[in-house]
Amino acid sequence: MAGNGHKEHPKYMNIFYWLAALTVIEIGVAIPEYSIVLKAILLIGLACGKAILVANYFMHLKFERKTLVAIVLTPFIICVFLVFALMPDLTSDARHEGIEKPAEVVDTSAH
């Protein structure tokens, strides 16, 4: 806190630089071929970090009462839990079973 009793606000450009750096890291994670589970976990973690920065500084939740933080944090935790709970279903090959592959097209124009 500053000496005059006012709360100091962060320099918004610093937060912007952190968000930009996290975005570059996300692109670096998304481009190479990793396992889909590892890639998803890394991207979700980076997105959560960016969401926390935006909520804390641009939405000014860092300076709010604890009850408001709990109201925002509860659905966030439920959402993250839901994503991880559905991850096995989304990444398993069993969901593709029973789906017929399209028949190969025969090229008849090459006579």
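All values below were derived from every heavy atom in this structure, side-chain atoms included, with hydrogens, water molecules and symmetry-related copies excluded.
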Hydrophobic cluster membership, [X] vs [Y], 4.5 Å side-chain cutoff:
| X | Y | answer |
| --- | --- | --- |
| Y12 | L19 | yes |
| I71 | V54 | no |
| I77 | I41 | yes |

_Within the supplied structure, the quantity of interest is the number of heavy atoms (other residues, nucleotides, ligands) at a distance under 6.0 Å from F16 CZ; does it exceed 12?_
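Result for CZ/F16: open.
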Item to complete: For residues L53 and L22, determine if any side-chain heavy atom of one lies less than 4.5 Å from a side-chain heavy atom of the other.
Response: yes
Hey, what do you get for [atom1] ([X]) to [atom2] ([Y]), rounding to the nearest 0.5 Å?
| X | Y | atom1 | atom2 | value |
| --- | --- | --- | --- | --- |
| I52 | F76 | CD1 | CZ | 5.0 Å |
| I36 | L43 | CD1 | CG | 10.0 Å |
| K50 | I15 | NZ | CD1 | 13.5 Å |

The residue among L42, L38, V24 that forms side-chain contact (heavy atoms from CB on, under 4.5 Å) with V29 is L42
Review point. Taking NZ, NE, NH1 and NH2 as the nitrogens, is one of them in E33 or K39 under 4.0 Å from a carboxylate oxygen of the other?
Key: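 Salt bridge between E33 and K39, a charged N being under 4.0 Å from a carboxylate O: no.
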